[in-house]
Amino acid sequence: MSQLSFNEVSLIYPARGRHCAAQLVLDRINLSVSTGEFVVVIGRSGSGKTSLLNLAAGFQEPSEGKVTLDGKIIEGPGTERAVVFQDDALYPWLDARDNVAFPLKIKGMGERDRRARGDELLELVGLPEAGQRRIWELSGGMRQRVGIARALAAEPRFLLLDEPLGALDALTRSRLQIFLLDVWRKSRSGALLITHSIDEALLLATRIVVLSPNPGRLAADIPSSFAADILAGAPAVEVRASPAFKRMHDGLTGLIQAVSPEEELAA
Ligand SMILES: Nc1ncnc2c1ncn2[C@@H]1O[C@H](COP(=O)(O)OP(=O)(O)O)[C@@H](O)[C@H]1O
Ligand SMILES: [Mg+2]
């Protein structure tokens with residue numbers, strides 16, 4: 001088992017000129033994610049979710065505290081942590097298969113093995129025929145799936161996902177939520193997913209972490225079992241319609257609004 005941990009992590013963005021003071025964005029965050037867990041961080045816009053993910057990815061360093069992987073301080077990006085953003089960051093000059101296999105090229109894998117592994121991954125994400133298609137020939141949902149396949153290519157221990165389904169239409173989004181859950185289980189990795197949708201958090205998480213804004217603080221850390229129900233075969237519509245789901249939804253809405261009642265959170 002691997003563990004990604006935030007220990008007393010604070011992040012301050014420095015002042016920019018005379019009119020933009022230094023800003024405490026994350027305040028003493030303590031959070032651990034283990035492989036086999038699906039931790040969803042929820043909070044309104046500006047609460048520091050992306051900053052938190054960037055620290056885990058190694059794109060940024062904390063101002064105070066430590067971000068560690070199995071006790072070792074994270075000093076930069078690494079292949080054991082794969083990142084997926086809201087807008088797919090695919091390479092338009094490569095076809096789908098070469099996009100997926102790109103991390104393997106970096107690792108030094110030969111072309112034949114890369115192609116074979118690229119095809120396997122495309123099959124895993126439900127795009128077995130898409131290998132030779134160009135990125136611009138794919139729909140938004142297909143592109144996100146290619147992005148997720150690429151994230152899985154290097155067999156990371158952790159998937160770091162920043163609103164990966166945020167730009168998709170509602171129907172595609174609900175399909176890909178179930179898909180993501182399935183992919184996570186098969187990969188046996190740990191997931192840290194950021195969203196501002198309470199519904200998405202409840203469907204995907206094994207644990208839901210609420211981040212309150214100004215400065216970002218952990219307001220709650222709640223276990224959730226709906227993802228397990230879905231993986232056991234329960235249809236998502238039924239899970240959503242259950243009294244337990246509605247109760248949790250209301251509870252989380254209340255929790256997030258209690259933090260800042262004047263703002264509305266898009267559910
Ligand atoms: N590179 C940066 N430099 C200065 N301030 C930033 C930077 N990135 C984010 N911020 C500020 O930090 C706060 C949290 O941003 P972010 O982590 O993107 O939150 P979220 O993802 O929850 O919307 C916001 O007030 C934002 O303006
Ligand atoms: Mg963000």
Side-chain angles (χ1 to χ4, degrees), residues 35 38-41 50 53 57 77 79-107 109 113-197 199-206 227 230-231 233 235-237 239:
T35 41
F38 200 126
V39 176
V40 175
V41 178
T50 294
L53 195 111
T79 51
E80 72 296 334
R81 287 159 287 133
V83 186
V84 180
F85 299 104
Q86 175 170 349
D87 298 309
D88 70 84
L90 301 175
Y91 309 120
W93 60 90
L94 299 177
D95 64 17
R97 181 202 287 126
D98 286 346
N99 264 279
V100 170
F102 192 77
L104 302 173
K105 188 172 185 177
I106 299 211
K107 274 189 151 181
M109 188 186 276
D113 291 343
R114 267 194 340 253
R115 290 175 76 92
R117 183 70 185 133
D119 285 340
E120 263 172 45
L121 285 158
L122 282 169
E123 194 160 334
L124 175 72
V125 300
L127 297 171
E129 310 290 327
Q132 290 182 48
R133 289 175 72 180
R134 294 282 160 177
I135 298 311
W136 64 81
E137 295 176 317
L138 305 174
S139 69
M142 289 163 97
R143 285 186 208 176
Q144 279 309 75
R145 284 192 275 165
V146 171
I148 292 164
R150 184 178 62 185
L152 293 169
E155 296 181 19
R157 276 176 282 163
F158 290 93
L159 291 169
L160 308 174
L161 309 148
D162 192 356
E163 307 204 35
L165 311 179
L168 303 173
D169 65 88
L171 191 63
T172 309
R173 185 171 186 160
S174 15
R175 285 204 191 115
L176 286 199
Q177 284 166 345
I178 308 305
F179 153 78
L180 196 56
L181 208 50
D182 204 44
V183 159
W184 158 74
R185 180 173 58 174
K186 284 181 185 145
S187 71
R188 299 171 187 274
S189 58
L192 182 65
L193 178 136
I194 280 164
T195 186
H196 59 259
S197 160
D199 184 74
E200 185 161 287
L202 284 168
L203 282 179
L204 299 181
T206 59
I230 289 174
L231 285 172
V237 271
V239 171

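Remember, predicted model here, so these are calculated numbers, not experimental data.
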Tell me if a side-chain donor or acceptor on Asn99 pairs with a main-chain N or O of Asp95 at a distance below 3.5 Å.
yes
Under 3.5 Å, is there a donor-acceptor pair between the side chain of Arg134 and the main chain of Trp93? yes
Can we say Asp169 and Arg173 salt-bridge, meaning some charged N sits less than 4.0 Å from an Asp/Glu carboxylate O?
no
* **Enclosure of Glu123 CD (heavy-atom neighbours >12, cutoff 6.0 Å)** => no
dist Leu161:CG -> Phe85:CZ (nearest 0.5 Å) comes out at 10.5 Å
Heavy-atom nearest pair, Pro164 first then Val84, reads CB-CG1, 4.1 Å
Here the pair of heavy atoms bringing Ala57 nearest to Arg81 is O-NH1, 3.0 Å
Keeping Thr35 on the side-chain end and Ser189 on the backbone end, is there a donor-acceptor pair under 3.5 Å? no
Tightest non-hydrogen contact, residues Ala82 and Ala151, listed as CB-O, 3.2 Å
All heavy atoms of Leu124 vs all of Phe179, minimum pair found to be O-CE1, 4.2 Å
Query - Side-chain heavy atoms of Leu94 within contact of Ile135, under 4.5 Å - result: no
**Message:** Taking Gly141's backbone N and O only, do any of them form a donor-acceptor pair with Gln144's side chain (distance below 3.5 Å, no angle check)?
**Reply:** no
CG of Leu165 to OG1 of Thr172, rounded to nearest 0.5 Å, is 10.0 Å
Between Ile194 and Thr50 the two heavy atoms that sit nearest each other are CD1-N, 4.3 Å
Val100 and Ala149 have their tightest heavy-atom pair at CG2-CB, 3.8 Å
d(Asp113 CG, Lys105 NZ) to nearest 0.5 Å is 14.5 Å
Is the backbone N or O of Leu104 less than 3.5 Å from a side-chain atom of Arg114, with the two atoms forming a donor-acceptor pair by type? no
task = Take Val40 and Glu200, measure what side-chain contact (heavy atoms from CB on, under 4.5 Å) needs, and give me the verdict at the end.
result = CA-CA 9 Å; Val40 175; Glu200 185 161 287; over 6 Å; no
Over-ring placement of Arg150 relative to Tyr91, 6.0 Å and 45° cut-offs: yes
| Just checking, is any N or O donor in the side chain of Thr195 or Glu163 under 3.5 Å from an acceptor N or O on the other one? | no
dist Leu121:CG -> Ile148:CD1 (nearest 0.5 Å) comes out at 12.0 Å
Evaluation steps, side-chain contact (heavy atoms from CB on, under 4.5 Å), between Asp182 and Arg185: CA-CA 5 Å; Asp182 204 44; Arg185 180 173 58 174; 3.8 Å; yes
Between the side chains of Asp119 and Arg97, is the shortest nitrogen-to-carboxylate-oxygen separation below 4.0 Å, so that they form an ion pair? yes
Between the CG atom in Leu160 and the CG atom in Leu192, the distance rounded to the nearest 0.5 Å is 6.0 Å
Before you tell me yes or no, could you show the steps for Thr206 and Trp184 under side-chain contact (heavy atoms from CB on, under 4.5 Å), namely the whole-Å CA-CA distance, both residues' side-chain angles and the distance that decides it to 0.1 Å?
CA-CA 12 Å; Thr206 59; Trp184 158 74; 4.0 Å; yes
query = Less than 4.0 Å between a side-chain N and a carboxylate O, is that true for Arg117 and Glu155?
reply = yes
I'd like to check Leu168 versus Leu176 (side-chain heavy atoms, cut-off strictly below 4.5 Å). Are they in contact?
yes
When rounded to the nearest 0.5 Å, the distance separating NZ of Lys186 from CG of Leu152 is 11.0 Å
Quiz prompt | Leu203 vs Leu181 side-chain heavy atoms within contact, under 4.5 Å | solution = no
Q: Check step by step if side-chain contact (heavy atoms from CB on, under 4.5 Å) holds for Val125 and Val146.
A: CA-CA 7 Å; Val125 300; Val146 171; 5.9 Å; no
